[in-house]
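What you see below is based on every heavy atom in this structure, not just the backbone, and it leaves out hydrogens, waters and symmetry mates. Order of the sequence lines sets the chain letters (A, B, ...), proteins ahead of strands, with each chain counted from 1.
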There are 2 protein chains.
Amino acid sequence: MDETTESQTPGNGGWLGDAIPALKLTKAQARVVDALTVNPKLASYGDVTEIALKAGVNSSSVSRTAQALGYRGWSDLQRELRARYLVHIADTAPLSHRVEVRSPIHDSLAHDVENLRLAMDTVDPQAADDAVTALATARRIIVVGQGSYSASAVAFAHLLATAGYPANFEGRAGVHLASAVGSLRPGDALVVFHLWRPLKHLTIAAQLARQAGATVITVTDLKSTDLAKASNHLLLVPSEGVYAFQSATASLSVAYGLLAGLEAREPERVKAGIERTSQFWDELDLYTN
Amino acid sequence: MDETTESQTPGNGGWLGDAIPALKLTKAQARVVDALTVNPKLASYGDVTEIALKAGVNSSSVSRTAQALGYRGWSDLQRELRARYLVHIADTAPLSHRVEVRSPIHDSLAHDVENLRLAMDTVDPQAADDAVTALATARRIIVVGQGSYSASAVAFAHLLATAGYPANFEGRAGVHLASAVGSLRPGDALVVFHLWRPLKHLTIAAQLARQAGATVITVTDLKSTDLAKASNHLLLVPSEGVYAFQSATASLSVAYGLLAGLEAREPERVKAGIERTSQFWDELDLYTN
DNA sequence: GCTGTTCTGCACAAGACTTTGCAGAAAGAA
DNA sequence: TTCTTTCTGCAAAGTCTTGTGCAGAACAGC
């Protein structure tokens with residue numbers, strides 16, 4: 001039997017976040033919400049019958065509660081709960097719950113876990129959101145990056161193109177970069193991935209793109225550089241590596257996050273783009289066992 | 001011939017535990033198990049159709065795989081997977097009061113934190129150690145990778161070269177790849193970074209390199225493929241992405257780990273290499289504010 | 001205490017997911 | 001190579017889950 005703390009301000013602050021809008025709920029609905037709040041695992045994988053049992057109501061009430069909260073139905077609400085619960089766990093899970101096996105690989109992984117966690121704080125959600133908007137509306141997207149830090153840029157440009165966005169990776173410096181950036185117009189976007197001491201030509205590229213009216217999105221670890229100043233949207237990531245090198249892990253993950261943002265913003269477009277591309281791949285017969 | 005350090009099936013030592021009995025599986029079944037192993041969230045919450053899509057098989061094969069493993073069916077297997085996954089990640093996680101800032105970026109970071117944590121289990125330290133030895137003694141190192149998964153390969157090759165190792169990234173397919181791999185000799189090394197369904201030409205490249213007597217080091221997410229079989233040293237990483245794409249974050253971190261391993265093994269050489277390179281960079285006067 | 005409104009539970013309908021029969025494809029044996 | 005066996009994909013059948021109309025119960029206002 002579940003003690004219900006008489007509803008109001010349900011799900012505030014806990015793992016539910018704002019998944020449950022603060023509406024006026026009926027008694028049965030409040031019991032459902034309480035049950036969900038207190039049983040995160042059950043909430044994220046149980047079916048209506050199990051939830052109803054826990055809440056002590058009929059299964060129809062579970063279904064109707066989901067609808068009352070603004071979701072299409074139980075499955076829709078559960079999808080949301082699931083995502084939040086898993087993210088919550090990843091946020092709060094202890095770093096190492098097992099016997100340590102120290103090895104360079106293990107150190108590197110642990111180190112990058114820390115980088116990713118720090119990035120949750122350093123990346124400004126508003127800047128990310130703005131960046132997604134700029135990308136979604138861009139007529140043309142150029143992605144630049146140099147050396148080992150081009151890793152994120154390569155992946156980002158490739159996946160953007162896969163999803164049907166007009167994106168290209170530009171990894172060359174000098175005249176190539178100049179002509180690529182020179183062709184940018186208002187409504188276009190330049191995405192710069194760079195860590196460590198700023199490279200002159202990337203900074204200049206960003207400044208030129210900005211002058212040309214293009215939107216400059218920069219993923220970097222330093223915020224007081226001319227590169228950062230030339231950017232419209234700045235996404236800061238930590239980059240400490242396990243030895244002498246900077247780690248691009250966080251910047252890569254941020255790149256995936258931007259793609260997820262695009263998918264959330266215009267799912268149809270992304271889905272269609274991916275389908276087109278993967279069909280093409282199948283026809284090329286590239287795969288084996 | 002070189003010994004293969006694949007043997008002890010480290011992939012099953014991870015979050016799956018002994019949920020998957022070590023039976024002889026058919027090709028499609030092995031693909032299903034691989035897909036489940038590297039996509040824990042999908043495995044825990046997806047339906048047969050989604051799993052089948054990821055594994056590149058028909059949904060019936062997913063159902064039949066569950067039965068072949070001794071479960072009553074997919075739902076039965078999934079219940080088991082879910083329980084193990086949640087135990088693996090949640091364990092003692094307390095419900096903290098941290099304010100959630102949910103955004104696609106945040107989700108992606110949390111997701112990749114999970115991938116890195118899982119990678120601590122899936123990467124076999126012995127295989128990694130052997131790989132480091134092979135790299136340290138190689139007369140020549142070719143690093144290959146394609147598409148967005150080339151991110152790790154690009155970074156790895158670049159940093160190897162920076163540290164003074166005879167490494168090159170080879171991102172082109174066809175005749176270019178053929179001639180590059182064709183030049184490998186005993187004592188050389190081929191490093192393959194690849195996720196997702198194996199590409200024919202990468203598999204063939206690995207097989208040819210192996211035949212030529214070179215050491216093949218592979219960082220990938222699937223262990224039942226011909227690519228994995230052709231490898232001397234296999235480093236398995238999880239690769240579940242936040243949306244439709246696989247995440248190369250873990251493979252990138254493993255690349256850094258290999259570099260750290262090299263540094264631990266021969267610090268002088270790496271230090272000298274980096275100093276030489278960065279001095280050169282300074283002379284080129286590439287940096288700004 | 002009466003009456004009108006809202007809510008809940010039941011039972012069934014609609015829908016989604018999983019399993020299986022079958023036939024063709026692939027792999028292995030002779 | 002040919003024959004036999006095993007495996008896989010398709011599509012239909014079977015099972016389970018979710019949603020809704022209806023009728024009775026609870027509640028609030030008078």
Side-chain angles (χ1 to χ4, degrees), chain A residues 1-2 4 6-8 10 20 23-36 39 41-82 278-279 282-283 285 287-289, chain B residues 20 23-36 39 41-82 197-198 200 203 222 224-226 229:
Chain A
M1 155 156 204
D2 298 290
T4 55
E6 257 339 284
S7 53
Q8 58 270 41
I20 309 287
L23 301 171
K24 198 162 47 187
L25 296 172
T26 69
K27 208 160 69 179
Q29 290 171 340
R31 299 183 69 171
V32 171
V33 169
D34 283 346
L36 295 176
N39 301 287
K41 280 190 202 174
L42 187 66
S44 49
Y45 65 70
D47 59 34
V48 278
T49 317
E50 292 176 281
I51 310 296
L53 199 71
K54 259 287 186 238
V57 299
N58 187 273
S59 57
S60 3
S61 297
V62 177
S63 178
R64 285 196 257 250
T65 302
Q67 294 169 339
L69 292 172
Y71 296 89
R72 279 231 301 285
W74 166 246
S75 315
D76 196 30
L77 169 59
Q78 189 176 47
R79 218 190 327 280
E80 184 66 26
L81 297 177
R82 199 178 280 164
S278 47
Q279 194 179 338
D282 284 343
E283 281 164 13
D285 192 28
Y287 299 110
T288 178
N289 292 315
Chain B
I20 308 288
L23 300 171
K24 200 162 46 189
L25 295 172
T26 69
K27 211 162 66 180
Q29 290 172 341
R31 297 180 71 171
V32 171
V33 169
D34 280 348
L36 294 175
N39 299 287
K41 283 189 200 176
L42 188 69
S44 309
Y45 296 116
D47 58 35
V48 279
T49 316
E50 292 175 283
I51 311 296
L53 200 70
K54 269 281 186 231
V57 299
N58 188 273
S59 55
S60 2
S61 296
V62 177
S63 178
R64 284 195 260 251
T65 301
Q67 295 170 338
L69 292 173
Y71 296 87
R72 280 233 300 288
W74 166 245
S75 316
D76 195 30
L77 170 58
Q78 189 176 46
R79 216 187 327 279
E80 182 69 25
L81 296 178
R82 197 149 50 199
R197 297 210 265 153
K200 271 183 193 168
T203 301
L222 301 178
S224 310
T225 60
D226 291 342
K229 290 190 188 84

Could you tell me how far apart [X] ([atom1]) and [N] ([atom2]) are, to the nearest whole angstrom?
| X | N | atom1 | atom2 | answer |
| --- | --- | --- | --- | --- |
| B:Q78 | C:dC17 | CD | C1' | 11 Å |
| B:Q67 | D:dT15 | CD | P | 14 Å |
| A:R79 | C:dA16 | CZ | P | 12 Å |

Bend angle of the helix from C:dG1-D:dC30 to C:dA30-D:dT1, end axes from five pairs each (to 10°)
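What I find for the helix from C:dG1-D:dC30 to C:dA30-D:dT1 is an axis angle of 40°.
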
Donor-acceptor contacts, no H, no angles, side chain residues 65-72 of chain A, under 3.5 Å, sequence neighbours left out:
unit_1: A:T65; atom_1: OG1; unit_2: A:S61; atom_2: O; d: 2.5
unit_1: A:Y71; atom_1: OH; unit_2: A:A19; atom_2: O; d: 2.5

Can you tabulate the close N/O pairs, meaning under 3.5 Å, that link protein atoms to atoms of nucleotides 4-11 of chain D?
unit_1: D:dT8; atom_1: OP1; unit_2: B:T26; atom_2: OG1; d: 3.2
unit_1: D:dT8; atom_1: OP1; unit_2: B:K27; atom_2: N; d: 3.4
unit_1: D:dT8; atom_1: OP1; unit_2: B:A28; atom_2: N; d: 2.6
unit_1: D:dT8; atom_1: OP2; unit_2: B:T26; atom_2: OG1; d: 2.8
unit_1: D:dG9; atom_1: OP2; unit_2: B:N58; atom_2: N; d: 3.0
unit_1: D:dG9; atom_1: OP2; unit_2: B:S61; atom_2: OG; d: 3.2
unit_1: D:dG9; atom_1: N7; unit_2: B:R64; atom_2: NH2; d: 3.1
unit_1: D:dG9; atom_1: O6; unit_2: B:R64; atom_2: NH2; d: 2.7
unit_1: D:dC10; atom_1: OP2; unit_2: B:N58; atom_2: ND2; d: 3.2
unit_1: D:dC10; atom_1: N4; unit_2: B:S60; atom_2: OG; d: 3.1

Give the minimum heavy-atom separation between [X] and [Y], together with the two atoms involved.
| X | Y | value |
| --- | --- | --- |
| B:T225 | B:P198 | CG2-CG, 3.9 Å |
| A:V57 | A:V32 | CG2-CG2, 3.8 Å |
| A:R64 | A:Q29 | O-NE2, 4.0 Å |
| A:A43 | A:L36 | CB-CD2, 3.6 Å |

Give a yes-or-no answer on whether the side chains of B:D226 and B:T203 include a donor-acceptor pair shorter than 3.5 Å.
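The criterion, which ignores hydrogens and geometry beyond distance, is not satisfied for B:T203 and B:D226.
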
Just to be sure I understand the geometry, which residues of residues 69-76 of chain A put a non-hydrogen atom under 4.0 Å away from DNA chain C?
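The answer is none.
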
With sequence neighbours left out, the residues meeting side chain to side chain contact (heavy atoms under 4.5 Å, CB included) with B:L53 are none

My understanding is that only residues two or more places apart in sequence, or in another chain, count here; which of them pass side-chain hydrogen bond (donor to acceptor under 3.5 Å, both in side chains) with B:S59?
none

Using the side-chain hydrogen bond (donor to acceptor under 3.5 Å, both in side chains) rule, collect all pairs that involve residues 73-82 of chain B, keeping only residues at least two apart or in two chains.
B:E80-B:R84

For the atom pair OH (A:Y45) and CD1 (A:I51), what is the distance rounded to the nearest 0.5 Å?
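It comes to 9.5 Å.
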
